[in-house]
Each structure stands twice: as structure tokens, then as C-alpha cells.
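What you see is a predicted model, and the numbers here were worked out from it, not measured in a lab. By convention here, the first residue in the shown sequence is residue 1. Basis for what follows: all heavy atoms, side chains included, without hydrogens, waters or symmetry-related copies.
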Amino acid sequence: MAMYSTYFGIDSHLKTTTICALTPDDGELKTRTFKGNPYAEMAEWMAGFPQPSYGVYESGCTGFVPARMLTAGDVLVEPVASSKLPGSADSRSKKNDRRDAERLARLALAGEVSPVWVPPERVEGLRELAQAMDDLASAREAARQRVNAILCRHGIYWDERTPTGRLKKRWGQVFWNWLRGIELGDPGSQAAYLAALAAAEAAEIAYGELKAEAEEVAAASELGPVVDALMCVKGVGFATALAFAAEVGDFSRFASGRKVTSYFGLSPSESSSAERRRLGRISKNGCTLVRRLLVECAWVIARGNPACRKKGKASVPLAVREHARGCSARLVERRRSLVARGLMPCKANTATAAEMARALLYIGKDAQAAASSATAQEAA
């Protein structure tokens with residue numbers, strides 16, 4: 001027996017939306033296309049069908065706006081994962097908006113859809129902020145590389161060393177002063193170098209300003225304590241903590257570490273049949289940004305000193321900090337054991353990243369529970 005009186009398949013685009021209404025009692029289909037996406041008119045049309053009703057649309061460029069604008073009263077609208085929708089040769093060869101909407105309505109009736117969690121608007125804003133930070137970081141790295149390329153062509157390289165003989169850190173204040181004092185001699189080369197250097201400085205400033213603003217926004221949000229707690233783990237910086245916390249949002253929605261590993265595409269793909277079980281490379285599903293940042297954190301663990309302990313902020317509860325330190329020690333040991341077994345470093349880092357995702361999930365759960373408890377005590 002159907003759970004809802006009406007099922008809606010919504011084919012959502014930027015400028016048009018096609019909605020197909022399917023009533024299970026009589027099997028009747030009604031389809032309508034709305035131009036300009038007048039959500040109030042759509043909601044009124046959908047409310048005219050037998051209630052309660054359930055609508056789905058494929059997650060994509062329209063984001064979570066249709067779900068927020070069309071969910072009201074007895075009407076529930078959710079985005080569904082496009083990668084998990086059943087497909088057929090017929091649906092691929094005969095494709096238009098009306099057919100896609102009808103297909104979604106029938107799949108919703110059959111229960112063959114996987115809903116996507118709709119985050120609060122502030123959490124979605126943190127996701128966009130994390131992505132913007134990554135975009136500016138990529139632009140900064142590209143600008144730095146252009147400066148390095150010009151110097152390389154002229155045979156100039158950084159070789160300033162400490163009294164102990166170690167190479168001094170690049171892109172610090174001393175390095176920037178050294179860059180500003182370079183003279184290439186040729187007017188054309190000097191003009192090109194100064195332009196590249198100015199672009200690198202502008203990219204540095206833009207990233208620094210956005211990071212400072214992101215730290216303020218994150219601290220004022222409900223995920224602020226979670227971000228601070230995640231940063232207690234060795235190798236995890238602000239960018240990774242923000243991206244992970246914003247993408248997960250509600251840490252209680254993952255029942256186990258395996259689910260969060262699969263969510264971020266760090267679990268192995270599988271091609272098994274009968275008695276043969278074959279595991280392949282990681283699936284690479286989910287958020288590419290978080291997956292890449294976790295792998296980068298694994299590289300930091302590989303290069304870091306195992307004896308160094310990360311303190312974390314004093315505002316993080318002591319129990320959460322101790323949990324993070326224990327996780328850091330396990331991650332270091334995990335990476336060491338994988339390399340000792342002869343596993344390639346890149347594969348060892350990926351496995352460490354998967355282990356880190358599971359560790360961050362449980363640390364985030366502890367941080368959210370501690371924050372909720374503190375809020376309840378203040379209210380009391």
C-alpha cells in the first residue's frame with residue numbers, strides 16, 4: 001500500500017520545471033511545465049492533489065531551493081541521489097523533461113529513490129564558504145607557480161638556510177622580501193616577473209581575508225565547536241575541519257564509520273560474483289573537496305614528527321581533546337604499519353584518509369553532544 005496519496009516527479013532546471021503528479025489509487029498522471037520557476041504557483045498546484053504527497057527531484061544545479069520552497073503542509077519534497085537511480089536503455093534513448101518527471105514519480109512510488117539530506121541554510125553557506133576557500137587556494141598556488149616558473153627560466157632559486165643548514169621556509173616574510181628584491185635585467189622579463197609577483201601577492205591577500213572571515217563565520221555557527229574539535233587531530237587544519245563539518249552537518253545521521261567512508265568515496269569499489277570477491281580502487285563518490293583534503297592530511301601525517309602532539313584550543317572539552325590525541329596516535333601508527341607491509345605510499349595515504357574520516361566522525365559526534373549538553377545546561 002502506498003504511503004502517500006500523490007507522488008510528484010520534478011524535473012528541475014534553472015529556467016523551467018516540469019512536474020508530473022501520479023495518484024496511486026487510479027494511476028492517473030498529470031504533467032505541467034512551469035517557466036521561470038514560480039515556486040509559489042508550483043506549491044499551489046501541488047497542494048490541489050490528494051494529500052499527503054511526496055515529491056522528488058534529482059540533486060543537481062538547482063541545489064536545495066526546490067526542496068525548501070515546495071515543502072509545506074502535507075507536501076514533502078526531497079532531492080534524490082542521481083547516481084543511485086535505476087536506469088534503462090529506454091530511459092536513456094527517449095529522454096525529455098516530461099518523461100524524466102514521470103520516471104521520477106514512478107520510482108518514488110516504487111521506493112527506488114535515495115533521498116539526500118537537506119542541510120540548514122547556514123550549513124549550506126559553510127559548504128559554499130569552504131569551496132570558495134579552496135578555489136582561492138588553487139588560484140594562489142597557480143600564481144605562486146607562475147612566479148617560480150619565471151625564476152626557474154632565469155636560473156634563480158631560493159637557497160637561504162638556517163644556522164643548522166636546513167632550507168628556510170618558502171612563502172614566508174623573508175621569502176617575500178627576497179622575491180621583491182630580484183632584478184632580472186631585461187625590461188620585458190622584469191615587467192612580466194613583477195606582474196606575476198603582484199598577482200601572487202593579490203592572491204595571498206584574498207585568501208587570507210577570506211580565511212579570516214570564514215573563521216569568524218564558523219565560530220558564530222552551530223558547527224563552531226565541531227570545527228575546533230576536529231582541528232585537534234594531527235594534520236587537520238581549518239580548511240579541512242570546516243569542509244568536513246559542513247559536508248556532514250548533522251553527525252548523528254551516520255550510524256557507523258563505514259557509512260561516512262562510503263559517503264566520501266573512500267571505500268573500495270567492488271566487482272564480485274558468486275564465490276569470487278574482487279575489490280578495486282576507491283569509489284570516489286561524494287564530495288571531491290573533502291576527499292582530497294583528507295588525503296592531503298594523510299600526507300601531513302606521513303611527513304610529520306610522530307612525537308609531536310597537537311594541543312588544540314582550550315575551548316574544546318578535555319575529553320574530546322584526549323579522544324583526538326588518541327585518534328592521531330592511531331593514524332600515525334596505521335600509516336606506519338601500512339608502509340611497513342610494503343604498500344605503496346599513495347595507497348597507504350588513501351587508507352589513512354579513510355581511517356581519518358571515521359575518526360573525525362566520532363570526534364564530531366562527541367563535540368556535538370558536548371555542545372548540546374552545554375546549551376541545555378545554560379537553558380536550565
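A salt bridge is defined here as a Lys NZ or Arg NE, NH1 or NH2 lying under 4.0 Å from an Asp or Glu carboxylate O, and E204 with R144 meets this definition. Contact check on R330 versus E333 returns no salt bridge, with no Lys/Arg side-chain nitrogen under 4.0 Å from an Asp/Glu carboxylate oxygen. A salt bridge does not link R127 with E124: none of the charged nitrogens is closer than 4.0 Å to a carboxylate oxygen. For R32 and E41, the salt-bridge test passes: some basic side-chain N is under 4.0 Å from an acidic carboxylate O.
The backbone N or O of L184 lies less than 3.5 Å from a partner atom in the side chain of Q190, making a donor-acceptor pair. Between the D366 side chain and the H323 main chain, no donor and acceptor come within less than 3.5 Å of each other. A distance-only check finds a donor-acceptor pair linking the side chain of S328 to the backbone of K234 [under 3.5 Å]. In this structure, T352 contributes its side chain and A348 its backbone to a donor-acceptor pair below 3.5 Å. T240 contributes no side-chain N or O that, together with a main-chain N or O of V236, makes up a donor-acceptor pair within less than 3.5 Å. Looking at S272, its side chain does come within 3.5 Å of a backbone N or O of R278 through a donor-acceptor pair. Judged purely by atom type and a 3.5 angstrom limit, T71 uses its side chain to pair as donor or acceptor with the backbone of A67. In this structure a side-chain-to-backbone donor-acceptor pair under 3.5 Å is missing from S269 to S283. R253 contributes a side-chain N or O that, together with a main-chain N or O of V248, makes up a donor-acceptor pair within less than 3.5 Å. Distance alone, capped at 3.5 Å, is enough to place a donor-acceptor pair between the Q368 side chain and the G249 backbone.
Between K168 and F175, every side-chain heavy-atom pair lies at or beyond the 4.5 Å cut-off. Under the 4.5 Å side-chain criterion, counting only non-hydrogen atoms from C-beta, E296 is not in contact with V300. Proximity of D159 to L167: side-chain heavy atoms (C-beta onward) are separated by under 4.5 Å at one or more points. The shortest side-chain heavy-atom distance between R325 and E322 falls under the 4.5 Å cut-off. Two residues are said to be in side-chain contact when any heavy atoms from C-beta on lie closer than 4.5 Å; L22 and L109 meet this criterion. Using a 4.5 Å heavy-atom threshold, the side chains of D134 and R292 count as touching. Taking 4.5 Å as the limit, every side-chain heavy atom of P79 sits out of range of all side-chain heavy atoms of V56. No side-chain heavy atom of Y57 sits less than 4.5 Å from a side-chain heavy atom of E78.
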Output side-chain donor-acceptor pairs under 3.5 Å for residues 205-213, partner residues at least two apart or in another chain, one line each.
none

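Taking every heavy atom of both residues into account, A239 and M133 meet most closely at CB-CE, 4.2 Å. Nearest heavy-atom pair across A298 and N349 is CB-O, 3.3 Å.
Defined by atom type and a distance below 3.5 Å, a donor-acceptor pair is missing between the side-chain atoms of T23 and D25. A donor-acceptor pair shorter than 3.5 Å can be found between the side chains of N177 and Q173. In the model, R358 has a side-chain atom that pairs as donor or acceptor with a side-chain atom of T261 under 3.5 Å. Side-chain atoms of E58 and S82 form a donor-acceptor pair, as typed in the model, at a separation below 3.5 Å.
Under the 4.5 Å side-chain contact rule for hydrophobic residues, L294 and F251 share a cluster. Grouping the Ile, Leu, Val, Met, Phe, Trp and Tyr side chains by contacts below 4.5 angstrom, directly or via other members, places V65 apart from V118. Linking ILVMFWY side-chain heavy atoms closer than 4.5 Å, directly or via other members, places L293 and L266 in two distinct hydrophobic clusters. Linking Ile, Leu, Val, Met, Phe, Trp and Tyr whenever their side-chain heavy atoms come within less than 4.5 Å leaves L104 and M42 in two separate clusters. Note: the hydrophobic cluster containing V116 does not contain L70 (ILVMFWY, side chain heavy atoms under 4.5 Å, direct or indirect links).
Ring pair F254/Y263 is perpendicular by interplanar angle, where above 60° counts as perpendicular and below 30° as parallel.
Distance check: C20 SG to L29 CG gives 4.5 Å after rounding to the nearest 0.5 Å. The CZ atom of R122 lies 12.0 Å from the CG atom of L129; values are rounded to the nearest 0.5 Å. Rounding to the nearest 0.5 Å places CG of L338 at 9.0 Å from CD of E355.
Considering T17, T18, D11, T16 in turn, T18 is the only one that fulfils the side-chain hydrogen bond (donor to acceptor under 3.5 Å, both in side chains) rule with T33.
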So R98 and E102, salt bridge (Lys or Arg N to Asp or Glu O under 4.0 Å) or not? Walk me through it. CA-CA 6 Å; R98 297 175 67 89; E102 179 182 342; over 6 Å; no

Please report the C-alpha distance between R336 and R334 in whole Å, then the side-chain angles of each, then the deciding distance to 0.1 Å, and finally whether the side-chain contact (heavy atoms from CB on, under 4.5 Å) criterion is met. CA-CA 5 Å; R336 276 182 165 185; R334 170 71 169 166; over 6 Å; no

Would you check, one step at a time, whether the test salt bridge (Lys or Arg N to Asp or Glu O under 4.0 Å) holds for E141 with R146? CA-CA 9 Å; E141 292 303 315; R146 285 191 290 270; over 6 Å; no

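Pairs engaging residues 2-29 under the ring pair (Phe, Tyr, Trp, His ring centres under 6.0 Å) rule: Y4-Y7, Y4-Y54, F8-F49 [sequence neighbours left out].
Geometric assessment of R153 against the ring of Y193 yields a negative cation-pi assignment under the 6.0 Å and 45° thresholds.
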